[in-house]
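Some notes on the structure that comes next.
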Amino acid sequence: MGGHARRGQPGAAVPGDRLGARGHAGPRAGGAEHRSAGHRRGRGGFARLEGAWYHDHKVYVVSTSGGPMGQGQVFEYDLRHDRIKVLFASPDASVLNNPDNICVSPRGGIVLCEDGSGVEYLHGLTEDGRIFPFAANNVVVPSGGIPGKTVAPGDYTGSEWCGATFDTRNGDWLFVNIQSPGITFAITGPWRRGSL
């Protein structure tokens, strides 16, 4: 895809960059020499694509280790205008730490699931690129476990969030998982009064 390479970082794209989407994919054959040729021609690139979501004629795609700092990017591809742009690029792991799963609420707010290091967070991202922490993974199973459950005791705060999705009936419930030990949460709230 066409893009604007930054000095010292071929293909790096930052928020606000608008990248041509049609007919600018660069060489079709694989191999490092073809990717390098594409970067020399100003083509952008993705790093570790993991999540995608369609909403209101737009496709949102997560590049888990993309961006100038390697901490993640969110791209927005507008199908009506055939344009892709960087909606958000993490400036630091303390802001957003390698997101991978993504979903969009019926109201247009974006939920990002972190897959980085340390305590993992769910983040909200507005359609204009403002990010905020939404929930932290504070799962610690005490010694002796949980009565009636077979989950091993331990600190699971470093386990990633995954599989976020809003219910399809009216979007009042957000379902999301902690990958290990395998817990699903059903979260509700006054969604219409906030960004999600």
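None of the values given here were measured: they were computed from a predicted structure.
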Does a donor on one side chain and an acceptor on the other come within less than 3.5 Å for E50 and T64? yes
Once ring pair (Phe, Tyr, Trp, His ring centres under 6.0 Å) is applied, do any residues pair with F166, and if so which ones, sequence neighbours excluded? W191
Among side-chain atoms of N177 and T184, is any donor-acceptor pair under 3.5 angstrom? yes
Could you tell me whether the side chain of I183 reaches within less than 4.5 Å of the side chain of V139, counting heavy atoms only? yes
Student check: side-chain heavy atoms of V59 and L79 closer than 4.5 Å: yes
Please evaluate residues V61 and L49 with respect to the criterion side chain to side chain contact (heavy atoms under 4.5 Å, CB included), reporting the C-alpha separation (whole Å), side-chain torsions for both, the decisive distance (0.1 Å), and the verdict. CA-CA 7 Å; V61 180; L49 296 178; 3.7 Å; yes
Sort and list the pairs that fulfil salt bridge (Lys or Arg N to Asp or Glu O under 4.0 Å) and have at least one residue in residues 141-164, not counting sequence neighbours. none
Mind jotting down which residue pairs meet the salt bridge (Lys or Arg N to Asp or Glu O under 4.0 Å) criterion with at least one end in residues 111-129? Sequence neighbours excluded, please. R48-D115, D128-R130
Just to verify, what does N97 make a side-chain hydrogen bond (donor to acceptor under 3.5 Å, both in side chains) with, not counting sequence neighbours? none
Just jot down the side chain to side chain contact (heavy atoms under 4.5 Å, CB included) partners of A186, sequence neighbours excluded, or say none. W173, F175
Under the side chain to side chain contact (heavy atoms under 4.5 Å, CB included) rule, what do F185 and I178 come out as? Steps first, then yes or no, please. CA-CA 8 Å; F185 296 92; I178 296 291; 3.4 Å; yes
For residues 170-195, the salt bridge (Lys or Arg N to Asp or Glu O under 4.0 Å) pairs (sequence neighbours left out) are D172-R192
Within a strict 4.5 Å, meaning less than it, do heavy atoms of the I187 and F134 side chains meet? yes
